[in-house]
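Since the structure comes first, as structure tokens, the remarks are kept for the end.
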Amino acid sequence: MNSASSRSRTLQAVGALSLAAATALLMTGCGQSSDSASSAATSEAAKVVPQKQTTSPSASAKLTEDQQERKKVLDATKVTFDDAATTATGEVAGGKLVDLDLEGVDDDDNQSPSPTATGSPTGSPSPTGSPSPTGTGSPSASPGADGPVWAAEVAEKDGTIHTVRINAVDGKVIEARVDTDQDADDKKQTADRLAQATQTPQQAAKVATEKKKGTVTSVSLEDNDGNGAIWQVDVVGSDWKKTTFDVDAKNDTIVREETDED
């Protein structure tokens, strides 16, 4: 009786211990699963946050309206400054270039105060079908409809200005004519400046682009506040900003440099 009772109590004790061990094991397993799930969720959340931060756009990539316009015009332009200059001077026997401007690129900034610019019909329709007064007979066409245009002013030895407009896509002459809005003083002023300019506009453009890599969009012969003649050269860089250089027309030294941040 006592022996049977002892065995019964021993079995009960073993069973209780086994049950306790099983319960502890189950609870430990559940805790590990919960911790693993929490760690996984935390890890996934950490992955998401950096992705959201890196997708924010860069403000530096935004172009101003002026920069967008320069990009639009230059992307469409196929004829370089050098080629346009050669074509323009070829329209006037013995003529020399005094101004060449790519229309649509900072036109308001490039209006020259020189009287030589008064006859330039920038932005206006060319005469239709009439022969050129220069005798070249260059046919006129509709400017602007086929893309950007180079507007040139070429001077004879006595200072008489001829306007030559060239399609900046195919290089064809749109218009070539004598500017009628000139008087004797205007012609003398132009002739005097040309006499002072021992360096060519092409040389001035080379000096400017050696200082800043980019595309020449304008070159004009100007007066340096009574200190001789200068070539004013505009260069548009890869950032679509325009830098204006004043280059001494006698020795090709840069006397002024200014960048338009717009």
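We number each residue from 1, following the sequence as shown.
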[X] side, atom [atom1]; [Y] side, atom [atom2] - distance, nearest 0.5 Å:
{"X": "Asn224", "Y": "Arg193", "atom1": "CG", "atom2": "CZ", "result": "10.5 Å"}
{"X": "Asp185", "Y": "Gln182", "atom1": "CG", "atom2": "CD", "result": "12.0 Å"}
{"X": "Asp101", "Y": "Ser218", "atom1": "CG", "atom2": "OG", "result": "4.0 Å"}
{"X": "Leu100", "Y": "Thr87", "atom1": "CG", "atom2": "OG1", "result": "9.5 Å"}
{"X": "Asp223", "Y": "Ile230", "atom1": "CG", "atom2": "CD1", "result": "7.5 Å"}
{"X": "Gln67", "Y": "Lys242", "atom1": "CD", "atom2": "NZ", "result": "12.0 Å"}

For this session: Could you list all the salt bridge (charged side-chain N to carboxylate O under 4.0 Å, His left out) pairs where at least one residue sits in residues 201-215, not counting sequence neighbours?
Result: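 Matches after skipping sequence neighbours: Lys206-Glu210, Lys211-Glu257.
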Problem set entry | Evaluation steps, side chain to side chain contact (heavy atoms under 4.5 Å, CB included), between Thr209 and Val216 | CA-CA 8 Å; Thr209 51; Val216 176; 3.6 Å; yes
Under 3.5 Å: donor-acceptor pair, side chain of [X], backbone of [Y]:
{"X": "Arg165", "Y": "Ala151", "value": "no"}
{"X": "Gln196", "Y": "Ala229", "value": "yes"}
{"X": "Trp231", "Y": "Asp252", "value": "no"}
{"X": "Asp179", "Y": "Asp181", "value": "no"}
{"X": "Gln68", "Y": "Leu63", "value": "yes"}

For this session: Apply side-chain hydrogen bond (donor to acceptor under 3.5 Å, both in side chains) to the pair Thr80 and Asp82, showing each step before the final yes or no.
Result: CA-CA 5 Å; Thr80 66; Asp82 287 331; 5.2 Å; no
Indicate the atoms forming the closest heavy-atom contact of [X] with [Y], along with that distance.
{"X": "Leu97", "Y": "Pro201", "answer": "CD2-CG, 4.0 Å"}
{"X": "Val169", "Y": "Pro148", "answer": "CG2-CD, 3.8 Å"}
{"X": "Ala205", "Y": "Val219", "answer": "CB-CG2, 4.5 Å"}
{"X": "Thr89", "Y": "Thr86", "answer": "OG1-O, 3.2 Å"}
{"X": "Ala155", "Y": "Thr190", "answer": "CB-CG2, 3.9 Å"}
{"X": "Val233", "Y": "Ala208", "answer": "CG1-CB, 3.7 Å"}

For this session: Show the numbers, then the answer: is there a side chain to side chain contact (heavy atoms under 4.5 Å, CB included) between Gln199 and Asn251?
Result: CA-CA 7 Å; Gln199 304 298 314; Asn251 56 29; 5.9 Å; no
Problem set entry | Distance-only polar pair, side chains of Thr64 and Asp66, donor-acceptor under 3.5 Å |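 Per modelled atom types, Thr64 and Asp66 side chains form no pair under 3.5 Å.
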Problem set entry | Residues His162 and Glu91: side-chain donor-acceptor under 3.5 angstrom |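 Checked: His162/Glu91 side chains show no N/O donor-acceptor pair below 3.5 Å.
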Problem set entry | Derivation of the side-chain hydrogen bond (donor to acceptor under 3.5 Å, both in side chains) call for Thr217 and Asp234 | CA-CA 6 Å; Thr217 59; Asp234 288 347; 4.7 Å; no
Problem set entry | Ionic contact status for Asp192 with Lys188, cut-off 4.0 Å |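 Salt bridge flag = yes for Asp192 with Lys188.
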For this session: Decide, yes or no, whether a salt bridge links Glu156 with Lys96 under the criterion of side-chain N to carboxylate O below 4.0 Å.
Result: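 Looking at Lys96 together with Glu156, the answer is no, because their closest N to O distance does not fall below 4.0 Å.
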Exercise. In chain order, what residues pass the salt bridge (charged side-chain N to carboxylate O under 4.0 Å, His left out) check against Asp75, with sequence neighbours excluded?
Worked result: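 For Asp75 the salt bridge (charged side-chain N to carboxylate O under 4.0 Å, His left out) partners, ignoring immediate neighbours, are Lys71.
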Do [X] and [Y] make a side-chain contact, defined as non-hydrogen atoms from C-beta onward lying under 4.5 Å apart?
{"X": "Asp260", "Y": "Thr244", "answer": "no"}
{"X": "Val79", "Y": "Trp150", "answer": "yes"}
{"X": "Val154", "Y": "Val98", "answer": "no"}
{"X": "Ile166", "Y": "Val149", "answer": "no"}
{"X": "Ile161", "Y": "Val178", "answer": "no"}

Exercise. Got a sec, which residues hit side chain to side chain donor-acceptor pair (under 3.5 Å) with Thr259, two or more places apart in sequence or on another chain?
Worked result: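 Result, side chain to side chain donor-acceptor pair (under 3.5 Å) vs Thr259: Thr243.
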For this session: I would like to know whether Val247 and Val255 meet side chain to side chain contact (heavy atoms under 4.5 Å, CB included); could you show each step before the answer?
Result: CA-CA 6 Å; Val247 182; Val255 296; over 6 Å; no
Problem set entry | Leu102, Leu74, Val105 screened by side chain to side chain contact (heavy atoms under 4.5 Å, CB included) with Thr215, the one that passes |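 Of the listed options, the one satisfying the test is Leu74.
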